[in-house]
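Both ligands and their constituent atoms are indexed starting at 1 by order of listing.
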Amino acid sequence: MGKLLEPVRFGELDLKNKVVMAPMTRARATNPDLVPTELMVEYYGQRAGAGLIITEGTWISREALGFMHAPGIFTEEQIEGWKKVTKKVHQYGGKIFLQIIHAGGAAMPEMTGGVQPIAPSAVNVNFQAFSPAGFKPTIVPKEMTLNEIKIVISEYISAATNAKIAGFDGVEIHGAMVYLIPEFLNPNTNLRTDKYGGNIENRCRFVLEVMKGITDVLGPGRAGIKLSPAFVAGAFWPLSEMVATYEYLLTELNQMSLSHIHLISATSDISNTPFEVIKDPLSYFRPIFRGNIIAGGGYDQATGEQAIESGMANLVAYGKAFIANPDLVERLRNNKPLAVPDPATFYQGGANGLTTYPVYS
Ligand SMILES: Cc1cc2nc3c(=O)[nH]c(=O)nc-3n(C[C@H](O)[C@H](O)[C@H](O)COP(=O)(O)O)c2cc1C
């Protein structure tokens, strides 16, 4: 047996193995107040065999919404709902981080009560958001004022505080793909000329202020961030400046005693583009970031072991495998076959496809 299934020290926590359940939106908070449901309590409880669960992306405010039926962490009721989830996972000996998110320019007015999405600049991210009418193209957002930036940073910090109250072991900030944080980082979507735009340091200022505020509240080893430096879609295309941006960002994050960064593999072919050098983001960024790296995106047991054995990653995140295999760690430990998830129930279906996958027998 390799090191993937062995315990590890992670920030302030001892984890029983290095298998992380990747954050996955499952859209089962099917109530107007976006309160976590009993079904979600059962779903996460079933998966407590993971060394660490990172929950689905969870909204920091009503204006942050970009996906139907995804839960929030900005009301008392939501905090109470999440308390049941953390209690269940802890009862079963698991550890759990809350992933928090603001959808930025990928938010949907249909979900925010008609409010136009906000973003660093009025640039359409050209992505698809999951609305009451299914997947729909994003719209042009409103450029945030300096005061709105201040408010959103304070919402991230409140969300992290609420996560602590709800019993989470820590938080992961969603800084991947097309949402608010990557929109600040990228010169295509951030055209600002104030202290939040115009050069690499300024474009990184927003996320660094968010991370600083959160680590001040949670203390060392309790907050991490998910990043997808090699992500390409919509307004996000390969720019060499982005490689330098992530180098700067990780160097600054080194100062903050984070629990981890969660690095996602490239999801498309970026050969012969300015992203060629980060085709394997893990090996490019490993020498730069000094803390724990969770590697994610397309791993199986063998490649996960290899990422750890080679020293490239400290832990490995598994997404789709956890959907259909609540007992994923036991299956890996005993060389049992893995069940295949049904994409038709990724974002709908109630209990079906959420809590109905059995353990191996
Ligand atoms: C149904 C589904 C929902 C997802 N939702 C999120 C999310 O809320 N936050 C996030 O950071 N990543 C999300 N992801 C991406 C996963 O965390 C993970 O990076 C991706 O599935 C690749 O890992 P895998 O190949 O092990 O599945 C989602 C993936 C799936 C399949």
Closest to atom 22 (C) of ligand 1 among Ala321, Gly319, Gly297 (heavy-atom distance)
Gly297
Does Pro23, backbone or side chain, put an N or O under 3.5 Å from an N or O of ligand 1?
yes
closest protein heavy atom to atom 9 (N) of ligand 1 is Gln99 OE1, 2.9 Å
Is Glu76 atom CD crowded by more than 12 heavy atoms from other residues, nucleotides or ligands, each under 6.0 Å away?
no
Hey, which atoms in ligand 1 end up nearer than 4.0 Å to a heavy atom of Ile264?
19 (O)
Hey, does Gly298 sit under 4.0 Å from ligand 1 if you only count heavy atoms?
yes
Testing the basics here: between Gly221 and Ser259, what is the closest heavy-atom pair and its distance to 0.1 Å?
O-CB, 3.3 Å
Looking only at heavy atoms of Gly296, does any of them come nearer than 4.0 Å to an atom of ligand 1?
no
Ring centres under 6.0 angstrom apart (His260, Phe10)
yes
For Phe206 and Phe184, take the angle between the two ring planes, folded into 0 to 90°, and tell me which bin it lands in: parallel under 30, tilted 30 to 60, perpendicular over 60.
parallel
Lys87 atom NZ: more than 12 heavy-atom contacts under 6.0 Å
no
For ligand 1, which atoms, with element, lie under 4.0 Å from some heavy atom of Tyr318?
26 (O)
If we count only non-hydrogen protein atoms and require a distance under 4.0 Å, does atom 20 (C) of ligand 1 qualify as touching the protein?
no
Quick check on contacts: which atoms of ligand 1 are under 4.0 angstrom from a heavy atom of His174?
9 (N), 10 (C), 11 (O)
Below the 3.5 angstrom mark, is there an N/O of Glu172, backbone or side chain, next to an N/O of ligand 1?
no
Report the C-alpha distance between Ser283 and Asp280 in whole Å, list the side-chain angles of each, state the deciding distance to 0.1 Å, and finish with yes or no for side-chain hydrogen bond (donor to acceptor under 3.5 Å, both in side chains).
CA-CA 6 Å; Ser283 56; Asp280 177 9; 2.9 Å; yes
Proximal candidate to atom 15 (C) of ligand 1 [heavy atom criterion; set His262, Lys320, Lys226]
Lys226
Please indicate whether any nitrogen or oxygen in Thr25 is less than 3.5 Å from any nitrogen or oxygen in ligand 1.
yes
Where is the nearest protein heavy atom to atom 29 (C) of ligand 1: which residue, which atom, and how far?
Met24 CG, 3.8 Å
Are more than 12 heavy atoms, taken from residues, nucleotides or ligands other than Arg9, located less than 6.0 Å from that residue's CZ atom?
yes
State the atoms of ligand 1, each with its element, that fall below the 4.0 Å cut-off from a heavy-atom position in Ala22.
17 (O)
Parallel, tilted or perpendicular, as decided by the 30° and 60° cut-offs, for the rings of Tyr246 and Phe285:
perpendicular
Greater than 12 external heavy atoms within 6.0 Å of Lys212's NZ
no
Return the orientation label for the Phe127 and Tyr179 ring planes: parallel under 30°, perpendicular over 60°, tilted otherwise.
perpendicular
So, 4.0 Å and heavy atoms of Tyr347: is ligand 1 close enough to count as a contact?
yes
Do Gly57 and ligand 1 have an N or O pair less than 3.5 Å apart?
yes
